[in-house]
Amino acid sequence: MLNNKSHLWSFALLATLPALAACGGEPAHESSTVRRDSAGIEIVETSQPGWAPGQGWALEESASLVIGEADGGDEYTLYRVAGAIRLADGRIVIADGFHNQLRFYSGDGGFLNEVGREGKGPGEYEYIRGVARCGGDSIFGFDINWQTKVYTAAGELVREMRLREPGSPLSPYDLTCAPSGYFLITGWGAQTMQMNVGFFQAMAPASLL
């Protein structure tokens, strides 16, 4: 199920929870902020939203667009969806993990074409893990160890590359990218055993590429 505000889902959920906690207490715009130092790094924690009541994002009650059918044709059968993006012209690209390919749909959900397949050769995926827009309408498909395939907006494969943690032979622990084309890579950091059950924090380097 895809909503035309799907790229705001995670932010909306994060925004909604603090707003609910504020009900019956202080107004939401009167945020409570705590600043503390951690090894020379300032950490700012906010327990309440910084916007006035009624200004926060909210999820729609029903989806404006649904892609995927349980008993439909193969092009509409999706399994282990690893991500989805909307292009500037309204088309939608879905990373289908079962078929290890990127599937292109029109703005109204009609199937257009697909690129990629399972394998270890050029243009193939071992275990597709995500899709993103990184720089304009360039489409980036990410494989299991962040091996990266770059496509034009039309779905033509332009190049393949392997992203690495700077100064390390390791693939990144995680990464994200921006429309400007920059990548923010999080390294693995110190690898220690954590045997206790509960919350703990770990420190790892982050690099902008």
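Remember, it's a predicted structure, so these values are computed and weren't measured experimentally.
Distance CG/Asp174 to OG1/Thr186: 5.5 Å, rounded to 0.5 Å. From Glu126, atom CD reaches atom CG of Asp143 across 5.5 Å, with rounding to the nearest 0.5 Å. Note that CD of Gln147 is 12.5 Å distant from CD of Glu124, once rounded to the nearest 0.5 Å. Between Ile94 atom CD1 and Arg86 atom CZ the span is 10.5 Å, to the nearest 0.5 Å. Remark: Arg35 CZ to Glu45 CD distance equals 11.5 Å, nearest 0.5 Å.
Cluster annotation: Tyr182 and Val150 are assigned to distinct hydrophobic clusters (Ile/Leu/Val/Met/Phe/Trp/Tyr, side-chain heavy-atom contacts under 4.5 Å, transitive). When the side chains of ILVMFWY residues are joined at heavy-atom separations under 4.5 Å, either directly or via intervening members, Val93 and Leu157 end up in a single hydrophobic cluster. Under a hydrophobic-cluster definition in which Ile, Leu, Val, Met, Phe, Trp and Tyr are linked whenever side-chain heavy atoms come within less than 4.5 Å, directly or via other members, Val131 and Leu87 are assigned to the same cluster.
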> Do Arg164 and Ser171 pass the side-chain contact (heavy atoms from CB on, under 4.5 Å) test, and can you show the C-alpha distance, the side-chain angles, and the key distance before you say yes or no?
Replying inline: CA-CA 5 Å; Arg164 295 291 192 186; Ser171 298; 3.5 Å; yes
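With a 4.5 Å cut-off on side-chain heavy atoms, Ile139 and Val115 do not count as touching. Contact annotation: the side chain of Trp146 never approaches that of Ile185 to less than 4.5 Å [non-hydrogen atoms, C-beta and beyond]. Using a 4.5 Å heavy-atom cutoff, the side chains of Ser138 and Arg133 are not in contact. Looking at Ile67 and Phe111, their side chains never come closer than 4.5 Å, going by heavy atoms from C-beta outward.
Screening residues 42-140 for disulfide bond (SG atoms under 2.5 Å apart) gives Cys134-Cys177 as the qualifying pairs, with residues at least two apart or on separate chains. Residues in residues 151-160 take part in these side-chain hydrogen bond (donor to acceptor under 3.5 Å, both in side chains) pairs, two or more places apart or across chains: Tyr125-Tyr151, Lys149-Glu160.
Looking only at distances, a side-chain donor or acceptor of Arg91 sits under 3.5 Å from a matching main-chain atom of Ala153. Side chain of Asp96 to backbone of Phe98: a donor-acceptor contact under 3.5 angstrom is found. At least one donor-acceptor pair under 3.5 Å links the side chain of Arg129 to the backbone N or O of Ile144. Within the 3.5 Å criterion, the main-chain N or O of Pro166 finds no donor-acceptor partner in the side chain of Ser207. Judged by distance alone, the side chain of Gln101 and the main-chain N or O of Gly116 form a donor-acceptor pair under 3.5 Å. The backbone N or O of Glu114 lies less than 3.5 Å from no partner atom in the side chain of Arg103, so there is not a single donor-acceptor pair.
Ring-plane geometry between Tyr76 and Tyr105 is classed as tilted, the angle between the planes lying from 30 to 60 degrees on a 0 to 90 degree scale.
Minimum heavy-atom separation, Gly155 to Phe104: CA-CZ, 3.7 Å. When all heavy atoms of Ala63 and Val66 are compared, the pair lying nearest together is CB-CG2, 4.1 Å. Pairing each heavy atom of Leu184 with each of Ala206, the nearest pair is CD1-CB, 4.3 Å. A pairwise comparison of heavy atoms in Ile128 and Asn100 identifies N-OD1, 2.8 Å as the closest pair.
The environment of CZ in Arg80 is crowded: more than 12 heavy-atom neighbours from other residues, nucleotides or ligands sit within 6.0 Å.
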